[in-house]
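Quick notes on the structure that follows.
Per chain, numbering begins at 1; letters A, B, ... match sequence-line order.
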Protein chains: 2
Amino acid sequence: MPYDPSAFPPFAVTVDLVVLTVRRHALCALAVRRGEAPFQGRWALPGGFVRADEDLAQAAARELAEETGMRAHDPAVPVQDNGAHLEQLATYGDPKRDPRMRVVSVAHLALAPDLPAPRAGGDASNARWAPVEELLEQGGYGRNGEPVAPLAFDHAQILSDGVERARSKIEYSSLATAFCPPEFTVGELRRVYEAVWGVALDPRNFHRKVTGTPGFLVPTGGTTTRQGGRPAQLFRAGGATLLNPPMLRPEV
Amino acid sequence: MPYDPSAFPPFAVTVDLVVLTVRRHALCALAVRRGEAPFQGRWALPGGFVRADEDLAQAAARELAEETGMRAHDPAVPVQDNGAHLEQLATYGDPKRDPRMRVVSVAHLALAPDLPAPRAGGDASNARWAPVEELLEQGGYGRNGEPVAPLAFDHAQILSDGVERARSKIEYSSLATAFCPPEFTVGELRRVYEAVWGVALDPRNFHRKVTGTPGFLVPTGGTTTRQGGRPAQLFRAGGATLLNPPMLRPEV
DNA sequence: AGTGTTTATCGTCAAGCAGACGACTATGAT
DNA sequence: ATCATAGTCGTCTGCTTGACGATAAACACT
């Protein structure tokens, strides 16, 4: 039977990005201001159409580079350079999620170390890192007291799913190192966990856990005092990607 | 700016299903025989086009019902009736994954109790439950000695991802009960874990673990001897969906 | 009726890990 | 010199797990 174009409805396919980082002890996501209708002027997740000859992961990596200048990391290589971790999150395809047409969005999750200010087409006022609670609270008020409109489309749901994925994934994988610069201290890694989970962790037990897990951290030999206090050993991410037993997220 | 249809390439969007069950102590997946090119006559995962007015989850539930007669389970309700657990797995969009056209497939994972023989358009020879190792081994031979061609398209990858999702998810959730009938014994649940993980578990430690986890199992009061031996208590799935601490998968 | 087989269920023990927390160390700031 | 800050090493206790002995209740034989 020959291929019949009328047998299926045409869709637009986009990738949307949940780009997370830790800034000033808070879990932040990249948001861009929409320049066009619908939701003109509202904050949204970065994203765009998948091109005709492009894989989904390629499209996500391209959008990530366009918005942040980061290169996505090859998943086969351990996270240790300036590249961000990038993975598929979920796909959103409600028929009414875009009022213009039928759009299916393949959301991706990117984890990045703290970066310089974002750029969106070179216009800094149209892109920012915002704490995820600020982006997710409906009808709240921002840091400057101005009212904050909810994210465009179903992006609040996507962001929420991405944050939940990140929260659970750092439990049983070494992914938290993706939030850190190439060399980091145990305390910096602990502050990542504390920011992502929104809890305080015991520095002594955390230190025992991460240094005692084989393959998680590799000492570089150097030390730093950039956090103040006693100099701390510097580490790089080890080859291990799975944490067994996992890092336990405190209750409540 | 008005909507410009030339701004994005059109895609076909499908849902493909990884339907898993446990039959005769083996993890099995539903496969259907393709009636048309490409890959005519080869085994594939069930699936089909998403309709113009349909959500992705709706499309997956519809395909599941068409292929198996099962109703998908509302995720908000605990798994305890004949409905299958259904969740989104991942999305596959390589430009060359379908030689005819650009198709993005949103794969879903369904877990079902052992069911009567499947139906595919009423023709039993075109649908079957096959052990997942049989479907995944490339160029192997089936139970009857006939050569087995690999699954169509990228369905071996999708099936592999679905199996891996199921294997990891029963560790930390009560999802293994989705493979069981509404009432089941601890031994039957244990055989589910053994089939999905491909390991042998200690019956005494398993019993202690599952009966000691609050909210996992609810005794119905009845007993059964359908497995032979001493009568076993019957249970239903409790309300708990997360297992904490998780069920540990043995090493190696 | 007795014996063996099968499956279910309860108990014991030791090893490992996590949470709570004391103690000490090495920096910079005042 | 003293203090504040952060890092690192230990100790103790309780919980969970893995290994495995023992008992219980059914069925299938002889």
Side-chain angles (χ1 to χ4, degrees), chain A residues 22 24-25 170-172 180 183-195 197 199-236 240 242-252, chain B residues 24-25 170-172 180 183-195 197 199-235 240 242-252:
Chain A
V22 174
R24 287 187 256 109
H25 293 208
I170 64 173
E171 285 187 64
Y172 58 89
C180 294
E183 295 199 353
F184 53 90
T185 70
V186 172
E188 289 164 349
L189 183 62
R190 175 168 48 82
R191 280 180 275 275
V192 165
Y193 275 91
E194 292 179 333
W197 284 345
V199 298
L201 299 175
D202 185 292
R204 297 155 292 188
N205 293 337
F206 184 87
H207 189 277
R208 178 182 59 189
K209 174 71 179 174
V210 297
T211 58
T213 299
F216 192 5
L217 299 184
V218 178
T220 66
T223 62
T224 183
T225 62
R226 62 184 168 221
Q227 300 290 337
R230 170 176 166 179
Q233 270 190 276
L234 284 169
F235 295 86
R236 280 184 294 103
L242 249 55
L243 251 47
N244 211 320
M247 178 86 56
L248 293 183
R249 171 156 38 162
E251 318 266 320
V252 183
Chain B
R24 286 188 256 108
H25 292 210
I170 64 173
E171 285 187 63
Y172 58 89
C180 295
E183 296 199 352
F184 54 89
T185 70
V186 173
E188 289 164 349
L189 183 62
R190 176 169 48 83
R191 279 179 275 277
V192 165
Y193 276 91
E194 291 179 332
W197 284 344
V199 297
L201 299 175
D202 185 291
R204 297 156 292 189
N205 293 337
F206 183 87
H207 189 278
R208 176 182 62 190
K209 174 71 178 173
V210 296
T211 58
T213 299
F216 191 6
L217 298 183
V218 178
T220 67
T223 62
T224 182
T225 61
R226 63 184 169 220
Q227 299 291 338
R230 172 177 164 179
Q233 269 190 277
L234 284 169
F235 294 87
L242 250 55
L243 250 47
N244 210 323
M247 178 86 57
L248 293 183
R249 172 158 37 162
E251 317 267 320
V252 180

How long is the gap from CH2 on A:W197 to CD on A:E171, to the nearest 0.5 Å? 5.0 Å
Between the protein and nucleotides 23-25 of chain D, list the N/O to N/O atom pairs that are separated by less than 3.5 angstrom.
residue : atom : partner : partner atom : Å
D:dA24  : O4'  : B:R230  : NH1          : 3.4
D:dA24  : N3   : B:R230  : NH1          : 3.4

Set of ring-ring contact (aromatic ring centres under 6.0 Å, His included) partners for A:F206, sequence neighbours left out: A:Y193
Please tabulate the protein-to-nucleotide N/O contacts below 3.5 Å involving nucleotides 11-13 of chain D, giving atom names and distances.
residue : atom : partner : partner atom : Å
D:dT11  : O4   : A:R208  : NH1          : 3.4

Atom-to-atom span, CG of A:L201 to C1' of D:dG7 - whole angstrom: 15 Å
Closest non-hydrogen atom pair between A:R226 and A:E183, with its separation: NH2-O, 3.0 Å
NE2 of A:H207 to OG1 of A:T185, rounded to nearest 0.5 Å, is 9.0 Å
Let me test you: for the helix from C:dA1-D:dT30 to C:dT30-D:dA1, what is the angle between the axes at its two ends (five pairs each), rounded to 10 degrees? 0°
Rounded distance in Å - CG (A:N244) to C1' (D:dT17): 13 Å
Euclidean distance, atom CZ of residue A:R190 to atom C1' of D:dT5 [Å, nearest integer]: 12 Å
Which pair of non-hydrogen atoms, one from A:A240 and one from A:P214, has the smallest distance, and what is that distance? CB-O, 4.0 Å
Flag, side chain of A:E194 to backbone of A:L201, donor-acceptor distance under 3.5 Å: yes
When the distance from NE2 of B:H207 to P of D:dG18 is rounded to whole Å, what number comes out? 17 Å
Hey, could you give me the CD/CG distance between B:E188 and B:L234, rounded to the nearest 0.5 Å? 7.5 Å
Does A:R204 get its side chain close enough to the base of D:dG7, under 3.5 Å, for a donor-acceptor pair? no
Give me the atom names and distance for the closest heavy-atom approach of A:T213 to A:K209. OG1-O, 2.8 Å
Starting at the 5' end of DNA chain D and moving along, which residue's nearest nucleotide shows up first, A:V186 or B:R249? A:V186
B:L243 CG to D:dT16 C1': how many Å, rounded? 14 Å
Identify the 5'-most and 3'-most nucleotides of DNA chain C with at least one atom closer than 4.0 Å to a non-hydrogen atom of chain A. C:dA18 to C:dT27
Rounded to the nearest 0.5 Å, what separates atom CZ in B:R190 from atom CZ in B:R204? 10.0 Å
Heavy-atom contacts under 4.0 Å between residues 210-228 of chain A and DNA chain D, which residues? A:Q227, A:G228
What closest approach, in Å, do A:I170 and A:M247 show between heavy atoms, and which atom pair accounts for it? O-CB, 4.4 Å
Between D:dG18 (P) and B:M247 (CE): distance, integer Å: 10 Å
Rounded to the nearest 0.5 angstrom, the CG-CZ distance for A:N244 and A:F216 is 12.5 Å
Atom CG of A:L189 to atom P of D:dT8: distance rounded to whole Å? 12 Å
